[in-house]
Amino acid sequence: MKKSLGKFALVSFGTLAGLFAVYYYNLDMKLMRFVVLPILDKHHDSVKRDHYI
């Protein structure tokens with residue numbers, strides 16, 4: 001019982017530390033900027049336009 005509680009506390013602390021690092025360094029938005037947006041831009045640029053503004 002005591003070992004499983006210690007493992008649970010260790011995993012919980014590790015998860016909290018990882019989530020804090022993602023929040024503090026804004027890693028989710030950095031991932032969006034450098035990985036997701038280029039893919040979306042490439043798709044958006046390849047779409048044929050019916051009319052131009």
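We number each residue from 1, following the sequence as shown.
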Interatomic distance, L10 atom CG to L5 atom CG [nearest 0.5 angstrom]: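 These two atoms lie 11.5 Å from each other.
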In Å and rounded to the nearest 0.5 Å, what is the CZ to CZ distance from F13 to F8?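 It comes to 14.0 Å.
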Over 60° means perpendicular and under 30° means parallel, so tell me whether Y24 and F20 are parallel, tilted or perpendicular.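 Aromatic pair Y24/F20 classed parallel.
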What pair of heavy atoms forms the shortest contact from D28 to V22, and how long is it?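 Between these two residues, the closest heavy atoms are N-CG1, 4.2 Å.
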H43 and side chain to side chain contact (heavy atoms under 4.5 Å, CB included): which partner among D41, L40, D45, V47?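 For H43, the side chain to side chain contact (heavy atoms under 4.5 Å, CB included) check succeeds only for V47.
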